[in-house]
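Please read the structure below before turning to the comments.
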Amino acid sequence: MAGEPQDDCLFCKIIAGQIPATVVRESETTLAFRDINPQAPTHILVIPKVHHPDAASLAAAEPLIAADVLREAGGIAGAEKLDSYRIVFNTGSGAGQTVFHAHAHLLGGRGMQWPPG
């Protein structure tokens with residue numbers, strides 16, 4: 001059920017402390033940690049503490065928490081001293097989503113190409 005922790009969700013297990021992560025920042029509603037397979041010198045995942053399968057589901061059900069994810073990503077970018085950065089939400093396996101718990105990728109520390117992908 002959306003919003004409730006899922007036993008088979010990697011990110012729910014990280015939130016619960018069952019799987020270790022290099023935590024960068026934690027708020028009441030979000031957790032941010034370094035990606036174990038970074039695609040840029042700075043690659044941090046910002047996740048809501050409530051389970052939703054993707055960003056669209058999170059935004060529809062919990063718009064304030066979706067806004068918290070973006071606010072935290074911006075705050076972390078400042079703390080990491082990133083002048084330029086990208087925030088990416090992948091939605092669906094065709095877009096590259098591999099963990100079906102809404103999350104933002106904060107990427108920075110190198111030039112980004114356009115279009116992405």
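Sequential numbering from 1 along the given sequence is applied to the chain's residues.
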**Asked** When you check the gap from the basic side-chain N to the acidic O, do Arg34 and Glu80 get nearer than 4.0 Å?
**Response** yes

**Message:** With a 4.5 Å cut-off on side-chain heavy atoms, are His52 and Phe100 touching?
**Reply:** no

**Item:** Within-4.5 Å side-chain heavy-atom neighbours: Glu72 and Arg25
**Value:** yes

**Asked** If you measure from the Lys or Arg side-chain nitrogens to the Asp or Glu carboxylate oxygens, is any gap between Lys49 and Glu28 under 4.0 Å?
**Response** no

**Asked** What's the verdict on side chain to side chain contact (heavy atoms under 4.5 Å, CB included) for Ile44 and Thr42, showing C-alpha distance, side-chain angles and the deciding distance?
**Response** CA-CA 6 Å; Ile44 296 169; Thr42 299; 3.9 Å; yes

**Asked** Mind checking whether Tyr85 and Leu107 have side chains closer than 4.5 Å, heavy atoms only?
**Response** no

**Prompt:** Distance from Leu64 atom CG to Arg71 atom CZ, nearest 0.5 Å?
**Reply:** 8.5 Å

**Prompt:** Are side-chain heavy atoms of His101 and Cys12 found at a separation under 4.5 Å?
**Reply:** yes

**Message:** Restricting to non-hydrogen atoms, name the atom on Ala21 and the atom on Ile14 that form the minimum distance, rounded to 0.1 Å.
**Reply:** CB-CG2, 3.7 Å

**Asked** In terms of side-chain heavy atoms, does Thr30 have a donor or acceptor partner in Asp68 at a distance below 3.5 Å?
**Response** no

**Message:** So which atom in Ala104 and which in Ile87 form the shortest heavy-atom distance, rounded to 0.1 Å?
**Reply:** CB-CG2, 3.9 Å

**Prompt:** Quick check: does any side chain N or O of Arg110 sit under 3.5 Å from a backbone N or O of Gln39, one acting as donor and the other as acceptor?
**Reply:** yes

**Request:** Answer with yes or no whether the hydrophobic clustering places Val88 together with Leu82; edges join I, L, V, M, F, W, Y residues whose side-chain heavy atoms lie under 4.5 Å apart.
**Result:** no

**Prompt:** Going through the distances and angles, do Met112 and Ser84 end up as a side chain to side chain contact (heavy atoms under 4.5 Å, CB included)?
**Reply:** CA-CA 9 Å; Met112 302 286 167; Ser84 299; over 6 Å; no

**Message:** To check you understand the geometry: which heavy-atom pair defines the closest contact between Ala59 and Ala66, and what is its length?
**Reply:** CA-CB, 4.0 Å

**Request:** Indicate yes or no: at least one non-hydrogen side-chain atom of Ile47 is less than 4.5 angstrom from one of Val69.
**Result:** no

**Asked** Which atoms form the tightest heavy-atom contact between Ser57 and Asp54, and what is the distance?
**Response** N-OD1, 2.8 Å

**Prompt:** What are the two closest non-hydrogen atoms of Ile65 and Pro48, and how far apart are they?
**Reply:** CG2-CB, 3.7 Å

**Asked** Does the gap between the ring centers of His43 and His105 come in under 6.0 Å?
**Response** yes

**Request:** Scan residues 17-39 for pairs that pass ring-ring contact (aromatic ring centres under 6.0 Å, His included), counting only residues two or more places apart or in two chains.
**Result:** Phe11-Phe33

**Item:** More than 12 heavy atoms of other groups within 6.0 Å of Gln113 CD
**Value:** no

**Prompt:** Under 4.5 Å between any side-chain heavy atoms of Val50 and Glu62, yes or no?
**Reply:** yes

**Request:** Heavy atoms only: give me the nearest Ala102-Ala55 pair and the separation to one decimal.
**Result:** CB-N, 3.9 Å

**Message:** Hydrophobic cluster membership, with links at side-chain heavy-atom distances under 4.5 Å among I/L/V/M/F/W/Y: are Val24 and Leu31 in one?
**Reply:** no

